[in-house]
Amino acid sequence: MSVWAVLAAAGSGERLGADRPKAFVRLGDQPLLAESLARLEASEWIDAIVVAAPPGWEEPAILLAEELGCGKVSACVAGGDTRADSVRLGVAEVPPDAAVVLVHDAARPLLDDAVVERVVAALGDGWDGAVPALPIPDTVKRVEGERIVETLQRDELRVVQTPQAFVADVLRGVLAGSDWTDCSAAVEAAGGRVRVVDGDPRLLKITDAADLDRVAALL
Ligand code: CTP
Ligand code: MG
């Protein structure tokens, strides 16, 4: 059974506001992309990696992979306008015989191998996908403008992270759809069965400069 990772790293990082795409902003003494790339390379669960790089940054991404000795990197493609487009372009490089595709965001650098194991091992038994999720500590309200219209049932809610693992054929079959924010949504919309497994509080997503400081402190 071969497991291919697609690393979505093609975003511009507008909210971070750096002078370069988010994947190439410094985290510690390396570009942010290096952290998740090296961790996927080191994972025994992952056989091969496709990187979706910011358009124009494919060459630096390949050089970085070489510097890190990432022999599993099989392709590095230019990403698209949206995350969904970048994932589509990355998955297009995954060969037909791959059994599982694991999609991960470079914006979540602190990838623990235990999470990779949880999502990959959760497939089978009729599950089409598996995503790491965390419970929500706060009470969550639905609002319309300034007015609260509903208090949601907190124990039914989860925040989800990446990496998300999918049966390769299932993921390929749903990717053509509209602009979903995570791959799970595309599989869910097609009626697929997606399982939640325990997420990891350290798997923070870097959106703005404060997130970058927070993650750097956890390195
Ligand atoms: N991503 C991507 N291609 C895009 C947009 C996003 O591969 N066209 C990736 C990002 O590189 C990131 C992940 O999807 O790893 C989550 O996206 P986000 O955190 O929104 O990153 P950016 O889009 O780069 O940030 P911003 O929205 O602030 O511009
Ligand atoms: Mg974005």
Side-chain angles (χ1 to χ4, degrees), residues 4-28 30-41 46 49-62 64-65 68 70 73-94 101-112 115-116 119 129 131-134 159-166 171 175-187 199-216 218-219:
W4 280 64
V6 171
L7 188 53
S12 59
E14 215 162 291
R15 287 167 291 178
L16 192 55
D19 61 351
R20 64 193 67 191
K22 184 155 68 182
F24 287 91
V25 163
R26 297 258 130 200
L27 174 67
Q30 285 190 309
L32 172 64
L33 173 61
E35 199 63 37
S36 47
L37 197 51
R39 290 170 187 238
L40 288 170
E41 175 72 25
I46 303 298
I49 303 167
V50 177
V51 179
W57 290 75
E58 302 93 308
E59 200 59 39
I62 291 167
L64 178 65
L68 295 168
C70 292
V73 173
S74 141
C76 182
V77 298
D81 287 343
T82 65
R83 180 184 183 278
D85 288 333
S86 298
V87 171
R88 268 190 280 267
L89 291 161
V91 172
E93 299 296 319
V94 174
V101 177
L102 176 133
V103 181
H104 184 57
D105 288 342
R108 296 184 191 271
L110 301 180
L111 175 60
D112 191 302
V115 182
V116 176
V119 292
V131 308
L134 295 173
V159 287
V160 304
Q161 304 174 315
T162 69
Q164 302 187 346
F166 302 94
L171 186 63
L175 283 184
S178 59
D179 222 15
W180 26 267
T181 52
D182 76 343
C183 301
S184 178
V187 175
D200 182 349
R202 289 170 52 97
L203 205 40
L204 299 171
K205 180 162 169 281
I206 295 177
T207 301
D208 58 26
D211 299 329
L212 191 60
D213 293 343
R214 223 169 281 143
V215 168
L218 290 171
L219 271 178

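Everything numeric in this text was worked out from a predicted model, so none of it was measured. Ligands are counted one by one from 1 in listed order, and the atoms in each one are counted from 1 as well. By convention here, the first residue in the shown sequence is residue 1.
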Indicate, as side chain, backbone, both or neither, the part of Asp81 found under 4.0 angstrom from ligand 1 when only non-hydrogen atoms are considered. backbone
Return the closest protein heavy atom for atom 17 (O) of ligand 1 as residue, atom name and distance. Lys205 CE, 4.2 Å
State the atoms of ligand 1, each with its element, that fall below the 4.0 Å cut-off from a heavy-atom position in Ser86. 2 (C), 3 (N), 4 (C), 7 (O), 8 (N)
Element-labelled atoms of ligand 1 that are located less than 4.0 Å from some non-hydrogen atom of Asp105: 13 (C), 14 (O), 15 (O), 16 (C)
for atom 15 (O) of ligand 1, nearest protein heavy atom and its distance come out as Ala8 O, 2.8 Å
Whether Thr207 lies under 4.0 Å from ligand 1, heavy atom: no
Return the CG to CG distance between Leu212 and Leu27, rounded to the nearest 0.5 Å. 6.0 Å
For Ala52, which part has a heavy atom under 4.0 Å from ligand 1: side chain, backbone, both, or neither? neither
Main chain of Ala210, side chain of Asp213: is a donor-acceptor contact present, judged purely on distance under 3.5 Å? no
Per-atom filter on ligand 1: closer than 4.0 angstrom to a heavy atom of Ser12 are 24 (O), 29 (O)
Between Lys205 and Asp105, is there a donor-acceptor pair closer than 3.5 Å when you use the side chain of the first and the backbone of the second? no
Ligand 1 contact by Ala9, heavy-atom criterion under 4.0 angstrom: yes
Checking the side chain of Glu59 only, and the main-chain atoms of Gly56 only, is there a donor and an acceptor separated by less than 3.5 Å? no
Of the choices Gly79, Gly11, Gly80, which has the non-hydrogen atom that lies closest to atom 8 (N) of ligand 1? Gly80
Of the listed options Lys22, Glu14, Arg108, closest to atom 18 (P) of ligand 1 (non-hydrogen atoms): Lys22
